[in-house]
K.L.:
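Dropping the structure in here first, questions after.
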Amino acid sequence: MTDAHTLPGQPRGGVLSGPATARAVNVLAPNPSAMTLDGTNTWILSEPDSDLAVVIDPGPLDDGHLRHVVGTAERAGKRIALTLLTHGHPDHAEGAGRFAELTGTKVRALDPALRLGDEGLAAGNVISVGGLELRVVPTPGHTADSLSFHLPADRAVLTGDTVLGRGTTVVAHPDGRLGDYLDTLRRLRSLTVDDGVHTVLPGHGPVLEDAQGAVEYYLAHRAHRLAQVETAVENGHRTPSEVVAHVYADVDRALWPAAELSVRAQLEYLREHGLI
């Protein structure tokens, strides 16, 4: 058996749902799949001595899950005061409208189409609820509207789909762009180096105990895949599907449609930089 501490980011073992840090509790949505791993992580954040909480990514439109999130907060003596979204993919955001009905909260997101209320989210925003402080970090690349949330008190960052607890994420072309994603990974690396972030609370998969190691792995992985795609094109594999079959031959075929999105993003990046 492989020791988790030898894996990128040092994923935490054990049950995914439940307390993850002093201020973060995960409620795992019942939507496991090849793309969502164990399911969507819905995060409840609160200062230990506060009766107010923030929820990040209510998840899919599953009434049982949404009520379970509310109940989990209430059993801890917390009232959900605000809902935030890392991005608009349905497995993270589809349930936000119903969740807002259940909790009476506003929904804040980068994309105006996802908001319920007047306030959005932007780079540099600091969100304060019941003494809890969250800093908004723009992290486009997986999607154009992707955000992460820096939780300084726990030296943690909530990454949505930008960094996963297991495996790597998709650059969801055409909305997602590889150049943006590489800049995002460098921005997250700066958080680990300059701001002391050591824990990743991802949108899917286990908590990562070595944030810098995870980001460094993602950067190396992207560089390796980009080189593979460039070589594949040089060897005559021209279409995205041809490149996927060549470069991702060892990957589960169920993931090939997602891999093709990333390949399209990589081909676009190579063309923009005059490399193919």
K.L.:
Keeping Arg155 on the side-chain end and Gly196 on the backbone end, is there a donor-acceptor pair under 3.5 Å?
P.N.:
yes
K.L.:
For the pair Ser50 (side chain) and Ser46 (backbone), establish whether a donor and an acceptor sit closer than 3.5 Å, ignoring hydrogens and angles.
P.N.:
no
K.L.:
Answer yes or no: is there a donor N or O on one side and an acceptor on the other, between the side chain of Thr103 and the main chain of Ile80, under 3.5 Å?
P.N.:
no
K.L.:
Report yes or no: does Thr72 contribute a side-chain atom to a donor-acceptor pair with the main-chain N or O of His68 at less than 3.5 Å?
P.N.:
yes
K.L.:
Taking the six-membered ring for Trp, is the centroid-to-centroid distance between His173 and His142 below 6.0 Å?
P.N.:
no
K.L.:
Is a side-chain N or O of Asp91 found less than 3.5 angstrom from the main chain of Thr40, in a donor-acceptor match?
P.N.:
no
K.L.:
Mind checking whether Arg108 and Asn125 have side chains closer than 4.5 Å, heavy atoms only?
P.N.:
yes
K.L.:
Is the backbone of Ala156 close enough, under 3.5 Å, to the side chain of Asp154 for a donor and an acceptor to pair up by distance?
P.N.:
no
K.L.:
Counting neighbours of CG on Asp194 that are heavy atoms of other residues, nucleotides or ligands and sit closer than 6.0 Å, is the number greater than 12?
P.N.:
yes
K.L.:
For Asn31 and His65, which I'm curious about, is there any donor-acceptor pair between the side chains at under 3.5 Å?
P.N.:
no
K.L.:
When you look at CZ of Arg238, are more than 12 heavy atoms from neighbouring residues, nucleotides or ligands closer to it than 6.0 Å?
P.N.:
yes
K.L.:
Just by modelled atom types, is the Arg264 backbone N or O under 3.5 Å from a matching donor or acceptor in the Tyr269 side chain?
P.N.:
no
K.L.:
Is there a side-chain contact between Lys78 and Ile44 (heavy atoms, below 4.5 Å)?
P.N.:
no
K.L.:
Donor-acceptor pair, His204 side chain versus Thr36 backbone, under 3.5 Å?
P.N.:
yes
K.L.:
So, for Glu94 and Leu61, which heavy atoms are closest and what is the spacing to 0.1 Å?
P.N.:
OE1-N, 3.5 Å
K.L.:
After noting the C-alpha distance and the side-chain angles of Asp63 and Arg67, does the key distance pass the salt bridge (Lys or Arg N to Asp or Glu O under 4.0 Å) rule?
P.N.:
CA-CA 6 Å; Asp63 212 59; Arg67 290 181 181 277; 2.8 Å; yes
K.L.:
Would you say the side-chain atoms of Ser146 and Thr139 include a donor-acceptor pair closer than 3.5 Å?
P.N.:
no
K.L.:
Does the side chain of His89 come under 3.5 Å of the side chain of Thr143 through a donor N or O and an acceptor N or O?
P.N.:
no
K.L.:
Taking all non-hydrogen atoms of both residues, which atom of Gly88 and which atom of Leu114 are closest, and how far apart?
P.N.:
CA-CD1, 3.3 Å
K.L.:
Between Gln266 and Tyr248, what is the shortest heavy-atom contact and its length?
P.N.:
NE2-OH, 3.5 Å
K.L.:
Just checking, any donor-acceptor pair under 3.5 angstrom between side chains of His87 and Asp145?
P.N.:
no
K.L.:
Mind checking who shares a hydrophobic cluster with Val54, ILVMFWY linked at side-chain heavy-atom distances under 4.5 Å?
P.N.:
Trp43, Leu45, Leu52, Ile56, Leu82, Leu84, Leu110, Leu121, Ile127, Val129, Leu132, Leu134, Val136, Leu147, Phe149, Leu151, Leu158, Leu201, Val207
K.L.:
Using modelled atom types only, decide if a donor and an acceptor are shared between the side chain of Tyr181 and the backbone of Thr162 within a distance under 3.5 Å.
P.N.:
yes
K.L.:
Tell me if a side-chain donor or acceptor on Arg12 pairs with a main-chain N or O of Leu208 at a distance below 3.5 Å.
P.N.:
no
K.L.:
Sequence neighbours left out, what pairs pass salt bridge (charged side-chain N to carboxylate O under 4.0 Å, His left out) with at least one residue falling in residues 39-61?
P.N.:
Arg23-Glu47
K.L.:
Would you mind reporting whether Leu66 and Arg98 have side-chain heavy atoms less than 4.5 Å apart?
P.N.:
yes
